[in-house]
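What's counted below: heavy atoms across the whole structure, side chains too, no hydrogens, waters or symmetry copies.
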Amino acid sequence: MTIPADIENTPPRRQAWWRALMRDPSAAVSMIVLALFVLGAVLAPLIAPHDPFEGTRSVMQPPVWAERGDWTYILGTDGQGRDILSRLLYGTRLTLLIGLLSVGIGGFIGSFLGLLSAFYPRLSPFVMRFADVMLSFPAILLGLALVAIFGPGALPVIIALSIATVPDSARIARSIALSVMQQEYIEAGRAIGLSDTAVFTRYLVRNSISAIMIFMSLRFGQIILIGAALSFLGLGARPPAAELGMMASQGRDFILFAPHIAFIPSLTIFIIVLAANITGDALRDVLDPRMRS
Amino acid sequence: MKHPSKSPGRLLLAGLVATLPLGGMAAAQEITIVREVDSNNYDPQKSVARAAAEGLFMMGDTLVSLEPDMQTVSDGLAHKWDVSEDGRTYTFHLKDGVTFCDGKEMTAEDVVYSIKRWVDPETKSPVAWRAGDVKDVVALDDKTVEYQLEEPFSELLYQLTQSFGTIVDKDNVEALGEDFGISGFNGTGPYCWESWTPRDKLVMTRHEGYDWGPSFYDNDGAPHMAKITWQVVPEENTRTVALLTGQSQVTQYIPAIAIDQMNQAPSVEVQRSDEAFWTYFMGFKINKESVSDPVARAAMNLAVNQEALAEDLMFGKVEPAYSYVSQGALDWNEDLDDDLLRYDPERAKKMLDEAGWKVGEDGVREKDGIKLQPTAYVFAGSTWQKVSEFVQAELLKVGIDLEIQAFDATVAWGKLATQEFDVFGMSFPYVSSGDALNLYFRSENMPTPNRMNWDDEETDMLLDKGKTALDDETRADAYGEVLKKVHEAAVWLPLYHEPMFITHTAEMEPVVPHNNYGAGLYKGLDLKFKE
């Protein structure tokens with residue numbers, strides 16, 4: 001099979017959307033911010049200035065820009081005398097990990113179910129009713145129940161958030177796949193005698209995947225927020241692990257006297273979620289054919 | 001640089017003080033007391049919560065009462081009492097003219113009914129043992145009660161000052177049935193039950209004509225306050241702000257972090273008492289592999305810097321504890337003072353090394369395949385979260401990896417009655433060494449409150465000896481012996497003794513902190529606005 005020359009000469013699609021994305025300044029800034037947080041999280045053990053778990057006797061040190069702040073503890077220390085910057089790096093790590101894993105696992109299972117129910121319409125009522133049942137169950141409640149069974153920790157939170165992601169992604173994937181199923185190439189594929197598996201993977205999955213990914217990127221911010229909320233309630237990370245929601249919760253006791261202990265991790269959650277949402281929005285604008293004018 | 005003297009938060013507080021409404025409710029003789037938690041009910045014989053005691057001390061009376069020094073037993077419903085020579089018969093002479101809130105006169109029959117209800121197995125009182133080994137309680141006449149014991153009980157009078165011994169009204173108990181102490185309570189106390197909304201507020205009004213309060217109160221008549229509202233405010237900063245803005249007039253639940261600022265604020269005053277006898281500790285379940293070695297337990301005691309805990313985490317507002325009960329408590333064994341385990345991490349490491357606990361590759365010590373990795377169950381909430389994380393960090397420095405699991409108070413008590421954990425975090429009130437020892441170290445109290453599984457015949461024998469002692473010296477000797485035994489075995493890791501701080505607005509007369517069962521306001525007879 002030879003590729004026609006004029007197609008070969010057009011820039012690849014990926015480059016096109018990347019350029020479009022970078023033309024949107026808010027999207028560009030958001031992506032850089034996200035990239036910095038990811039980098040900080042990945043390199044946490046290398047760049048953290050102090051041990052994030054070891055308490056010192058200088059408790060409640062203000063950050064460097066405040067009066068009496070100093071460069072030893074750039075963002076100050078918490079109620080146990082631990083360096084907030086180091087805990088923030090490690091905390092971002094756990095927060096991002098919880099978000100990524102939950103969206104990844106839940107999104108994979110959900111999308112697969114959604115695509116399957118679009119491909120085999122007979123499955124559809126079962127999958128969709130199941131999704132409806134799941135949707136009526138708040139993620140926080142599910143998290144509470146799982147923590148009651150397994151005890152507090154990152155794992156039950158990831159399981160709860162994954163489960164909470166399944167119904168949404170199943171519905172979205174199904175609606176996307178349904179429109180793809182109407183396309184003529186699906187019919188053409190069947191006409192040339194391709195197996196179900198081949199039509200499913202080569203035509204349906206490949207043509208739905210980008211739209212599903214957009215949904216996932218939007219979901220990511222939400223999941224981080226719920227994960228942080230669960231940790232704030234004391235259900236997520238187990239001490240001495242650092243997690244942004246947990247750090248905010250611990251800082252609550254000091255809010256009248258050393259507000260930075262709660263404020264810094266809260267602000268970090270805010271920035272990460274905002275950046276994730278703007279990036280997701282921008283991705284949708286660029287990738288979704290229906291949004292292109 | 002430990003305590004920030006200038007921070008945005010402080011400015012916030014200053015702002016709040018500046019906007020303080022003057023006068024408040026002074027004219028109305030009504031106050032709101034904020035507190036952290038509510039009780040599950042207000043049935044004196046059934047609830048062991050401090051929150052229940054707070055309400056019951058005000059709404060009910062006990063035969064005898066306890067002075068703020070936590071040592072002197074004073075009058076209550078009885079103005080006088082005699083103890084027989086064999087220590088088995090107590091005769092209480094009741095005051096005249098005592099009435100319940102519904103106007104009915106209180107008689108010896110009510111006392112008999114209340115004590116019998118306390119010890120009746122049907123009642124399932126978790127604290128029936130506190131009433132002693134009761135043989136019978138009889139009313140000799142309308143105003144005389146004879147309290148007969150099978151065995152002498154040296155602490156009986158102290159125990160009778162507790163809210164569990166509150167005299168209740170039989171008709172009221174029977175009329176309300178299961179709802180007694182939930183939908184109503186008819187007592188003889190200085191205040192009367194008005195309403196209770198669980199986890200929100202308990203409202204009580206002045207008991208008109210009340211004049212039988214304990215003699216150590218200056219106020220020998222009815223309380224000054226016409227109405228008291230106990231408002232539950234779980235969040236500590238909100239309580240602090242409530243005091244500063246005059247939404248609440250009195251509380252003992254101001255976080256340690258805010259005490260200094262409260263002291264400086266012109267609109268509030270802080271009263272402190274060190275005779276609080278409320279101790280925080282972590283206990284070891286001594287038959288669990290990771291904490292079964294007394295050397296390892298002693299090392300854990302040496303590894304934790306209680307002074308830093310008290311100074312940094314509790315802002316110097318608590319006393320670091322090295323003893324299991326306050327060294328000021330009745331029958332404390334002074335011979336132990338010099339041998340208490342104090343912070344010495346180097347010695348801890350050396351002891352562990354010598355005992356064969358070698359540091360493994362992951363930095364955690366182990367011996368014969370057993371890792372020093374105990375699991376601790378603690379209460380969820382800011383205090384234990386802070387304290388247990390501190391202990392965790394300290395132990396990690398000597399190679400002990402404490403795993404913390406925190407549970408909400410609603411499930412924690414159940415979890416703490418199991419055999420699942422190795423270490424548990426707890427705090428408790430006591431009136432004397434004997435009170436604490438009998439509660440925690442009797443073998444019959446396993447699995448709870450003897451969560452350590454301290455099962456020792458000699459201890460039981462000594463505790464019996466102390467409990468039934470007829471003179472102070474025998475009792476002190478027996479309890480002193482038990483104290484020595486348990487301290488030597490390092491079954492606990494004592495953390496700190498919490499003094500009582502009562503914070504009230506400056507419009508109120510100074511309140512004397514009373515410490516009985518940690519209920520700082522006790523009978524509330526001295527709550528009064530300045531004139």
Asker: Nearest 0.5 angstrom please: Ile255(A) CD1 to Asn237(B) CG, how far?
Answerer: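 It comes to 7.0 Å.
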Asker: Please report the interatomic distance CZ(Phe254(A)) to NZ(Lys386(B)), rounded to the nearest 0.5 Å.
Answerer: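 That separation rounds to 5.0 Å.
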Asker: Please indicate whether Phe53(A) has more than 12 foreign heavy atoms, meaning atoms of other residues, nucleotides or ligands, lying under 6.0 Å from its CZ.
Answerer: yes
Asker: Considering only heavy atoms, which portion of Ala406(B) lies under 4.5 Å from any heavy atom of chain A: side chain, backbone, both, or neither?
Answerer: backbone
Asker: Look at atom CD of Glu403(B) and say whether more than 12 heavy atoms of other residues, nucleotides or ligands are closer to it than 6.0 Å.
Answerer: yes
Asker: With chain B as the partner chain, list the residues of residues 78-99 of chain A whose heavy atoms fall under 4.5 Å from it, by residue number, and write 'none' if nothing qualifies.
Answerer: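 At a heavy-atom separation under 4.5 Å, chain B is reached by Gly79(A), Gln80(A), Arg82(A).
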Asker: For chain A, which candidate among Asn305(B), Ile404(B), Leu402(B) shows the most heavy-atom pairs at distances under 4.5 Å?
Answerer: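 The answer is Ile404(B).
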Asker: Quick one: pull up CD in Gln261(B) and CG in Leu256(A) and give me the separation to the nearest 0.5 Å.
Answerer: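 Result: 9.0 Å between the selected atoms.
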Asker: Should the heavy atoms of other residues, nucleotides or ligands under 6.0 Å from OH of Tyr343(B) be counted, would the total exceed 12?
Answerer: yes
Asker: Could you measure the distance from the CG atom of Asp312(B) to the CE atom of Met60(A)? Nearest 0.5 Å is fine.
Answerer: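 These two atoms lie 10.5 Å from each other.
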Asker: Looking at Trp65(A), I want to see if its CH2 is surrounded by more than 12 non-hydrogen atoms of other residues, nucleotides or ligands under 6.0 Å.
Answerer: yes
Asker: Minimum heavy-atom separation for Pro240(A) and Glu389(B), please, with both atom names.
Answerer: CA-OE1, 4.4 Å
Asker: Would you find more than 12 non-hydrogen atoms of other residues, nucleotides or ligands less than 6.0 Å from Glu307(B) atom CD?
Answerer: no
Asker: Any chance you could lay out the side-chain contact (heavy atoms from CB on, under 4.5 Å) test for Glu236(B) and Arg252(A), step after step, and finish with the verdict?
Answerer: CA-CA 9 Å; Glu236(B) 58 187 35; Arg252(A) 203 172 36 157; over 6 Å; no
Asker: For Ala393(B) and Gly55(A), which heavy atoms make the closest approach, and how far apart are they?
Answerer: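 Residues Ala393(B) and Gly55(A), closest heavy atoms: CB-N, 4.5 Å.
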Asker: Rounded to the nearest 0.5 Å, how far does CG of Asp260(B) lie from CZ of Phe257(A)?
Answerer: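 The CZ atom of Phe257(A) sits 9.0 Å away from the CG atom of Asp260(B).
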Asker: Does any backbone or side-chain atom of Glu394(B) lie under 4.5 Å from a heavy atom of chain A? Answer side chain, backbone, both or neither.
Answerer: neither
